[in-house]
Amino acid sequence: MSRVTKIKHVLKEQEADDYEVPKENQRIVRIVASRGNNLHEVETAEDNEESFLVSMPVKFRKNVWVKRGNFVLIEPIEEGNKVKAEICRILTPTHIKIFEKEGVWPRKFSKKRELEENLDEDGLFRNTNRKFVAQSSDDDDDEDEDEDSAIDEDEDDSINDDRCNK
C-alpha cells in the first residue's frame, strides 16, 4: 500500500461516523505535553489527576497530529513501566458533544466547568495576564486608610507651603 493510500484510509477512518462510547477498558484523557518519539504525556479526569505517558500507534504517525489540550481515547498496555497506554482514537469536537449527551464525558473536562472556574466572584472573567491579589480583611484596610490619609495631609501641607513661598 502506498503512503498516500495509507494516509487516505487513516483519515477516512478518523472522520468516519464511529461515535461509539468508550468501552470498559478505555479512558478519556487530555494531552498535557508532547514528549517526543511519538510519546505524549496525558492527564486523567480522576480526582488524583494521574499523569503518565501514552504512545501513538504506527498507523497515526505522520498522518494525524495531536497538540496540547486535545482529548484522546486510550487503551492500557501491560508492556512498559513508563508508557502505560496507547492512543486508540483522537476525539473531535463532534465526539465530545455526543459523549456529553450520552453522559460518558468526564465532568472535569467539561467546558461549562472550565468557564465556571475562570469567573471571579462578580461573575466576570478573570484576567489571566495579571496576578491575582487576595482581598485583605477590614482591619488591615482601616490601618491602610489611616496611613494614606496621613500621607495625603503631609502632601497638602507641602503644596500649601510651596504656594506661600512663591
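Surrounding CG of Asn25 are more than 12 heavy atoms belonging to other residues, nucleotides or ligands, all under 6.0 Å away.
Shown here for Phe99 and Val21, the closest heavy-atom pair between the two residues is CE2-CA, 3.8 Å. In this structure, Gln26 and Cys88 approach most closely via the heavy-atom pair NE2-SG, 3.6 Å.
Using a cut-off of 4.0 Å between Lys/Arg side-chain N and Asp/Glu carboxylate O, Glu49 and Lys108 are scored as salt-bridged. Glu100 has no carboxylate O lying under 4.0 Å from a charged side-chain N of Arg107, or vice versa, which leaves the two without a salt bridge.
Rounded to the nearest 0.5 angstrom, Asn38 CG and Lys62 NZ are separated by 9.0 Å. For the atom pair CZ (Arg27) and CD (Glu46), the distance works out to 5.0 Å, reported to the nearest 0.5 Å. Note that the CD atom of Glu75 and the CZ atom of Arg89 stand 9.5 Å from one another [nearest 0.5 Å]. Separating the OG atom in Ser34 from the CG atom in Asn70 is a distance of 11.0 Å, to the nearest 0.5 Å. Interatomic distance, Asn81 CG to Phe52 CZ, rounded to the nearest 0.5 Å: 14.0 Å.
The aromatic rings of Trp105 and Phe71 sit perpendicular to each other, their planes meeting at more than 60°, with 30° as the lower class boundary.
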Under the criterion side chain to side chain contact (heavy atoms under 4.5 Å, CB included), I'd like the reasoning laid out for Ile90 against Trp65: C-alpha separation, chi angles, the key distance, then a yes or no. CA-CA 9 Å; Ile90 299 164; Trp65 287 266; over 6 Å; no
Run the side chain to side chain contact (heavy atoms under 4.5 Å, CB included) test on Ile77 and Val83 for me, step by step, so that the C-alpha distance in whole Å, both residues' side-chain angles and the decisive distance to 0.1 Å come before the verdict. CA-CA 8 Å; Ile77 56 175; Val83 180; 4.1 Å; yes
Candidate pair Arg30 and Arg68, rule side chain to side chain contact (heavy atoms under 4.5 Å, CB included), full reasoning: CA-CA 8 Å; Arg30 181 185 347 205; Arg68 188 176 356 129; over 6 Å; no
Could you go step by step and tell me if Arg35 and Leu53 meet the side chain to side chain contact (heavy atoms under 4.5 Å, CB included) rule? CA-CA 8 Å; Arg35 296 295 178 212; Leu53 292 177; 3.6 Å; yes
Run the numbers on Lys82 and Glu41 for salt bridge (Lys or Arg N to Asp or Glu O under 4.0 Å), then give the verdict. CA-CA 10 Å; Lys82 292 182 181 179; Glu41 185 178 348; over 6 Å; no
For side-chain hydrogen bond (donor to acceptor under 3.5 Å, both in side chains), just list the numbers for Glu43 and Ser51, CA-CA rounded to whole Å, side-chain angles, deciding distance to a tenth of an Å, and then say yes or no. CA-CA 4 Å; Glu43 69 176 348; Ser51 90; over 6 Å; no
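Exactly one of Ile87, Ile28, Ile31 qualifies for a side-chain contact (heavy atoms from CB on, under 4.5 Å) with Val42. That residue is Ile31.
Judged by distance alone, the side chain of Thr44 and the main-chain N or O of Glu50 form a donor-acceptor pair under 3.5 Å. The backbone N or O of Met56 lies less than 3.5 Å from a partner atom in the side chain of Arg61, making a donor-acceptor pair.
With a 4.5 Å cut-off on side-chain heavy atoms, His95 and Glu20 do not count as touching.
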